[in-house]
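One structure is given here, and the rest of the page talks about it.
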Amino acid sequence: MKKTYEFLNEKDIYYIIGNNIKYYRKLYSLNEHELTQEGLAELANVSTSLIGNLESKKLIQGISLYNLYKISIILNVPIDNFFINR
């Protein structure tokens with residue numbers, strides 16, 4: 001029997017990742033210290049507009065696996081948590 005898979009489209013994946021980055025950044029701000037989009041961008045050595053675009057619901061912004069990895073390390077979140085649809 002052939003197994004079929006249901007995949008989300010690319011737009012939905014980037015939306016989920018962006019939502020989770022925002023969620024975990026805000027959670028980090030509550031538990032550790034204030035971490036703005038600018039602060040996260042500086043720590044990850046990416047542009048502030050990348051973080052802003054990722055967290056925005058109006059834009060679709062891609063992200064490299066390496067940059068997502070850096071963000072996961074900074075926020076102390078396993079990288080696979082960024083793919084959970086909340």
Side-chain angles (χ1 to χ4, degrees):
M1 175 185 242
K2 184 177 179 182
K3 186 167 183 157
T4 60
Y5 297 93
E6 186 176 326
F7 296 105
L8 295 173
N9 65 44
E10 189 175 3
K11 179 180 175 182
D12 291 337
I13 294 292
Y14 290 134
Y15 176 78
I16 290 167
I17 291 170
N19 250 5
N20 283 315
I21 288 172
K22 184 176 186 176
Y23 172 80
Y24 286 113
R25 181 179 61 78
K26 300 257 183 193
L27 190 62
Y28 183 92
S29 292
L30 288 173
N31 296 326
E32 301 292 329
H33 61 83
E34 179 73 23
L35 186 59
T36 62
Q37 289 180 348
E38 294 83 6
L40 178 57
E42 185 176 320
L43 291 171
N45 197 29
V46 298
S47 69
T48 302
S49 63
L50 173 68
I51 302 298
N53 289 346
L54 285 166
E55 291 187 4
S56 172
K57 294 181 180 179
K58 297 178 182 177
L59 298 171
I60 300 303
Q61 173 70 57
I63 184 169
S64 73
L65 186 58
Y66 181 64
N67 285 335
L68 188 59
Y69 165 76
K70 291 189 294 186
I71 291 169
S72 75
I73 296 297
I74 293 162
L75 297 178
N76 195 28
V77 174
I79 197 168
D80 57 327
N81 284 19
F82 291 112
F83 296 95
I84 297 171
N85 194 359
R86 299 184 190 284

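Since we're looking at a predicted model, the values are computed, not measured. What you see below is based on every heavy atom in this structure, not just the backbone, and it leaves out hydrogens, waters and symmetry mates.
- In plain terms, the two heavy atoms of Leu75 and Ile21 that are nearest each other are CD1-O, 4.2 Å.
- Within 6.0 Å of CD on Glu42 lie no more than 12 heavy atoms contributed by other residues, nucleotides or ligands.
- The two residues Leu35 and Ser29 come nearest to each other via the heavy atoms N-OG, 2.9 Å.
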Is there a side-chain hydrogen bond (donor to acceptor under 3.5 Å, both in side chains) between Asn19 and Lys22 once you walk through the steps? CA-CA 5 Å; Asn19 250 5; Lys22 184 176 186 176; over 6 Å; no

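- Inter-residue side-chain proximity for Ile63 and Val46 is flagged as unmet; no heavy-atom pair is nearer than 4.5 Å.
- Between Phe82 and Asn20 the shortest heavy-atom distance is O-ND2, 3.0 Å.
- The minimum heavy-atom distance between Leu40 and Arg25, with the atom names listed, is CD2-CD, 3.9 Å.
- Scanning both residues, Ile60 and Tyr14, for their nearest heavy atoms gives CG2-CD1, 4.0 Å.
- Residue Leu8 holds its CG atom at 7.0 Å from CG of Asn85, rounded to the nearest 0.5 Å.
- Between the side chain of Ser56 and the backbone N or O of Asn53, no donor-acceptor pair lies under 3.5 Å.
- Note on Ile84: it does not cluster hydrophobically with Phe7, by side-chain heavy-atom contacts below 4.5 Å among ILVMFWY residues.
- Taking CD1 from Ile74 and CD from Glu32, the interatomic distance works out to 13.0 Å, rounded to the nearest 0.5 Å.
- Looking at every heavy atom in both residues, Leu50 comes nearest to Gly62 through CD1-O, 3.7 Å.
- Leu54 and Tyr15 sit in two unconnected hydrophobic clusters of ILVMFWY residues. Membership requires side-chain heavy atoms under 4.5 Å apart, directly or through other members.
- Listed by chain and number, the residues in a side-chain hydrogen bond (donor to acceptor under 3.5 Å, both in side chains) with Ser47 are Ser49 (sequence neighbours excluded).
- Shown here is Asn76, whose CG atom has no more than 12 heavy atoms of other residues, nucleotides or ligands within 6.0 Å.
- With values rounded to the nearest 0.5 angstrom, Lys26 atom NZ is found 10.0 Å from Thr36 atom OG1.
- Both Leu68 and Tyr66 belong to a common hydrophobic cluster when Ile, Leu, Val, Met, Phe, Trp and Tyr are linked at side-chain heavy-atom distances under 4.5 angstrom.
- Under the 4.5 Å side-chain heavy-atom criterion for grouping Ile, Leu, Val, Met, Phe, Trp and Tyr, Leu43 is connected to Leu65 within one hydrophobic cluster.
- Considering CZ of Phe83 and CD1 of Ile13, their distance stands at 7.0 Å, rounded to 0.5 Å.
- Shown here is Asn45, whose CG atom has no more than 12 heavy atoms of other residues, nucleotides or ligands within 6.0 Å.
- Residues Ile17 and Leu59 do not share a hydrophobic cluster, defined by chaining ILVMFWY side chains whose heavy atoms lie under 4.5 Å apart.
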